[in-house]
Amino acid sequence: MKLNTFKIVQLGCWVTSVALILLAITKTPPVKEKPDAVLELLGLLSVASVAANEAYDNWVKKFCAANVLAVGYVKNALEPMVEGLIKKYPEGIKTVYVLLPSGIAAVSNISVQASLHQAGFSRSHEQVPVTTRNRQEMEIAIIRHLQDGRECYFDVPNTLSSLEALIDYKLQKKANSKGEGERQKLEQKYLRLFRYELEHLLRERQLEQYVTVIDHTSKIVTSAGDRK
């Protein structure tokens with residue numbers, strides 16, 4: 001079940017409840033004729049809304065490792081990185097592209113380098129001043145398109161690779177595991193939840209104007225270099 005499904009169910013229950021309440025207040029037929037039925041329906045809608053909320057909470061808890069990784073990535077890497085770039089370039093910074101590929105294996109350095117090469121980018125690194133407990137500088141990749149020279153910042157949350165061990169553990173616990181197909185399904189759920197939480201945090205911390213999340217390096221080619 002997709003994340004938005006839970007929210008759609010809750011919204012539908014809420015809108016229907018409000019409509020019924022308004023009809024009851026205005027004593028609009030047939031509500032006027034069967035008020036008990038309206039109260040019963042409102043009760044059912046309330047139960048459905050609570051159930052959807054609990055199902056959503058359980059779904060998140062089941063895959064909370066991805067949420068934790070997203071929070072750590074933003075707090076310990078992405079946010080200080082962007083703050084450091086703004087401090088270094090107060091006149092404006094290039095877009096920071098964060099790659100979230102379709103599979104966990106694709107976050108490896110070899111896979112990322114191959115993907116960048118295929119999209120026509122070279123990669124170098126730049127030191128950025130940061131104010132964290134453990135360091136005063138961070139290294140960020142800067143990629144340059146080989147044909148037109150457009151540049152942007154680039155990062156991959158390598159922390160996602162830690163999910164492989166968790167997926168292995170879950171598959172071992174499942175007696176009826178279907179092998180590779182089940183693995184891919186779990187990967188997609190974790191990656192989807194990681195992206196959902198990441199984009200939520202970017203909005204919450206007002207970083208979305210600086211950071212763009214992509215699922216393939218080919219998507220950088222069409223929009224990179226908008227701030228040079």
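In what follows, every heavy atom counts, from backbone to side chain, and hydrogens, waters and symmetry copies are set aside.
Cluster membership check: Val98 does not share its hydrophobic cluster with Val68, using side-chain heavy-atom separations under 4.5 Å among Ile, Leu, Val, Met, Phe, Trp and Tyr. Under the 4.5 Å side-chain contact rule for hydrophobic residues, Ile86 and Ile142 share a cluster. Placement of Val71 and Val96 within a single hydrophobic cluster is found when ILVMFWY residues are connected by side-chain heavy-atom separations under 4.5 Å, directly or transitively.
With rounding to the nearest 0.5 Å, the separation of CD1 in Ile214 from NE2 in His216 is 9.0 Å. One distance of note links OG1 of Thr212 with CD of Glu208; it measures 9.5 Å at 0.5 Å rounding. A distance of 11.5 Å separates CG of Leu69 from CG of Leu198, quoted to the nearest 0.5 Å. Taking CD1 from Ile167 and CD from Glu187, the interatomic distance works out to 4.5 Å, rounded to the nearest 0.5 Å. Rounding to the nearest 0.5 angstrom, the gap separating the CD1 atom in Ile220 from the OG1 atom in Thr95 is 10.5 Å. In this structure, CD in Glu151 is found 6.0 Å from CZ in Arg144, a value given to the nearest 0.5 Å.
Between the side chains of Tyr73 and Asn158, not a single donor N or O lies within less than 3.5 Å of an accepting N or O.
Applying the side-chain hydrogen bond (donor to acceptor under 3.5 Å, both in side chains) rule to His117 yields no partners; only residues at least two apart in sequence or on another chain are considered. Listed by chain and residue number, Arg195 satisfy the salt bridge (charged side-chain N to carboxylate O under 4.0 Å, His left out) test with Glu199 (two or more places apart in sequence, or in another chain). Partners of Arg205 by salt bridge (charged side-chain N to carboxylate O under 4.0 Å, His left out), not counting sequence neighbours, listed by chain and number: Glu79. For Ser111, the side-chain hydrogen bond (donor to acceptor under 3.5 Å, both in side chains) partners at least two apart in sequence or on another chain are Ser108. By the side-chain hydrogen bond (donor to acceptor under 3.5 Å, both in side chains) test, Asp215 is found to be paired with Lys219, residues two or more places apart in sequence or in another chain being considered.
Val211 is listed as a side-chain neighbour of Leu78, based on a closest heavy-atom distance under 4.5 Å. The shortest distance between side-chain heavy atoms of Phe194 and Leu100 falls below 4.5 Å. Counting heavy atoms from C-beta outward, Ile143 and Ser122 have side chains that stay 4.5 Å or more apart. Ile140 is not listed as a side-chain neighbour of His125, based on a closest heavy-atom distance of 4.5 Å or more. At a threshold of 4.5 Å between non-hydrogen side-chain atoms, the residues Phe121 and Thr217 do not count as touching. In this structure, the side chains of Val107 and Pro101 come closer than 4.5 Å at one or more pairs of heavy atoms. Side-chain contact check for Glu137 versus Val128: every heavy-atom pair is 4.5 Å or farther apart. Under the 4.5 Å side-chain criterion, counting only non-hydrogen atoms from C-beta, Leu166 is in contact with Tyr190.
The minimum heavy-atom distance between Leu163 and Ala65, with the atom names listed, is CD2-CB, 4.3 Å.
No more than 12 heavy atoms of other residues, nucleotides or ligands lie within 6.0 Å of CD in Gln147, so this atom counts as exposed by the packing criterion.
Listed by first and then second residue, the salt bridge (Lys or Arg N to Asp or Glu O under 4.0 Å) pairs involving residues 100-126 are Lys88-Glu126 (not counting sequence neighbours).
Between the Glu83 side chain and the Val130 main chain, no donor and acceptor come within less than 3.5 Å of each other.
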